[in-house]
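Small disclaimer: the values here were computed from a predicted structure and weren't measured. All values below come from the heavy atoms of this structure, side chains included, with hydrogens, waters and symmetry mates left out.
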Number of protein chains: 2
Amino acid sequence: MAQVRPMRADARRNRERLLAAAVEAFAAQGEGASLDDIAKRAGVGAGTLYRHFPTRRALLEAVYSDRIEAIAERAGVLAERLPAGAALVAWLGELGLGMIQTRGLRALLSSSVRGGEDAGPGAGGSSSDCCDPLRRAVARLVRAAQEAGELRRDVGETDVLRLVHGVAIACGEAVGGGSAGDARDAGNAGDAGDAEGAEDAGERLRRYVGLLMEGLGPRGE
Amino acid sequence: MAQVRPMRADARRNRERLLAAAVEAFAAQGEGASLDDIAKRAGVGAGTLYRHFPTRRALLEAVYSDRIEAIAERAGVLAERLPAGAALVAWLGELGLGMIQTRGLRALLSSSVRGGEDAGPGAGGSSSDCCDPLRRAVARLVRAAQEAGELRRDVGETDVLRLVHGVAIACGEAVGGGSAGDARDAGNAGDAGDAEGAEDAGERLRRYVGLLMEGLGPRGE
DNA sequence: ACCTGAACACCGTTCAAGT
DNA sequence: ACCTGAACACCGTTCAAGT
């Protein structure tokens with residue numbers, strides 16, 4: 001499963017450089033950043049990028065897999081410290097926050113959760129997916145919350161993951177991300193009686209996750 | 001505001017042809033369809049496309065504005081026939097269905113609802129937006145539902161619009177859309193106890209809107 | 001075994017030249 | 001007043017030639 005022979009020194013170095021350039025590029029330009037540009041900034045030929053990362057998705061995964069695993073591991077911590085329902089809410093908040101702060105992360109979960117589309121060319125069955133740790137994490141939290149009677153039993157992990165993803169999309173970009181044209185707190189403020197003045201994406205996320213969880217609570221079960 | 005002088009005959013004809021080609025292209029390839037291709041299929045030069053529709057968004061709006069207005073008008077009909085809360089739910093279902101069936105529609109509402117990003121280059125303030133009819137429609141339904149005590153008062157039209165948009169994203173593509181590689185009912189079925197066998201995006205949408213509305217109901221107000 | 005960079009196909013956008 | 005299509009800059013991807 002792991003590399004049998006260690007990589008040649010120059011290959012290893014090029015890989016590092018590519019990853020470093022990609023981190024910067026994705027942060028600055030979003031998940032659609034020019035691959036050619038990344039190769040150039042890394043000081044390697046375009047072919048070298050493709051040799052190490054055959055698809056854009058492969059590069060995205062390499063860049064964000066650590067982050068994804070870190071988020072997944074938070075599930076265990078929260079599950080220990082909080083009652084099942086609260087742990088689920090808290091974890092969904094953290095996941096959502098990660099997604100609104102990091103476009104690349106959102107793109108990755110997006111293509112994983114929506115199935116098909118662009119889940120990678122080699123995705124015959126479900127095979128393995130960099131978001132599997134998130135899947136496992138949410139599965140545990142969901143099951144625990146259901147057993148504690150704090151979550152309706154007719155929703156699955158995929159439902160929850162999908163809904164959080166949707167909610168994160170709904171919240172819009174976090175400010176200070178990097179794109180041009182910030183400082184737009186006006187927008188549609190003073191709409192009607194909207195509780196929405198200078199609220200930012202993070203606050204919105206918390207609010208929406210809260211609403212969602214009320215809908216997910218055990219009704220007249 | 002409207003065209004002062006009527007368009008020259010050839011210009012008018014080219015416009016029609018472009019629109020027809022765009023409808024087909026967006027339906028087949030999604031909102032990212034090649035503009036060059038659209039011009040070619042319409043039998044006009046690339047410059048002509050840009051003369052009539054200076055941005056991709058302008059073309060999208062021209063293609064889908066009728067559809068948007070039709071959806072907005074449904075709000076009035078539903079408001080007459082149903083209690084306020086039910087009317088809102090039904091209308092959100094229709095809007096969501098439109099979005100999961102028509103990628104171009106989703107793209108349009110997306111850039112309108114998420115503010116910023118690509119709301120068009122000439123968007124200084126909020127100016128006018130092709131989704132304004134939807135805004136007005138949802139505003140009426142929301143207000144009515146709140147006055148009837150069937151919707152919490154701390155959510156605004158924009159919240160509701162955003163949430164439906166998110167839910168539609170969460171549902172994924174409708175089958176039979178046009179993309180390659182359908183017939184994927186397996187995917188992650190048999191997950192755990194997931195109520196998710198061969199469920200399609202439409203059913204999911206209804207389910208999610210239902211969940212959402214339970215969360216939006218007046219809690220212990 | 002790995003790297004380079006030219007080559008190809010494609011796309012969006014502009015603009016001088018036409019009618 | 002409108003149209004055409006060549007031209008330009010850019011991007012993703014491949015592959016022969018190098019070391």
N/O (side chain, B/Ser34) to phosphate O (OP1/OP2, C/dG12) under 4.0 Å: yes
Any A/His52 side-chain nitrogen or oxygen under 4.0 Å from OP1 or OP2 of C/dC2: no
Residue whose closest nucleotide on DNA chain C lies nearer the 5' end, B/Arg8 versus B/Ala46: B/Ala46
Comparing B/Ala11 and B/Asp36 on DNA chain D - which has the more 5′ nearest nucleotide: B/Ala11
Toward the 5' end of DNA chain D, by each residue's nearest nucleotide, A/Gly32 or A/Gly47: A/Gly32
Rounded interatomic separation in angstrom, taking CG from B/Leu18 and C1' from D/dT4: 13 Å
Integer-rounded Å distance: C/dA1 C1' and A/Arg12 CZ: 16 Å
Other residues, nucleotides, ligands: >12 heavy atoms within 6.0 Å of B/Glu24 CD: no
Selection from C/dT4, D/dG12, C/dG12 that lies nearest to any side-chain heavy atom of A/Leu35: D/dG12
Selection from C/dT13, D/dG12, D/dC3 that lies nearest to any side-chain heavy atom of B/Asn14: D/dC3
Sidechain-backbone polar pair: A/Arg15 side chain, A/Phe53 backbone, donor-acceptor under 3.5 Å: no
Distance-only donor-acceptor check, side chains A/Asp129 and A/Ser112, under 3.5 Å: yes
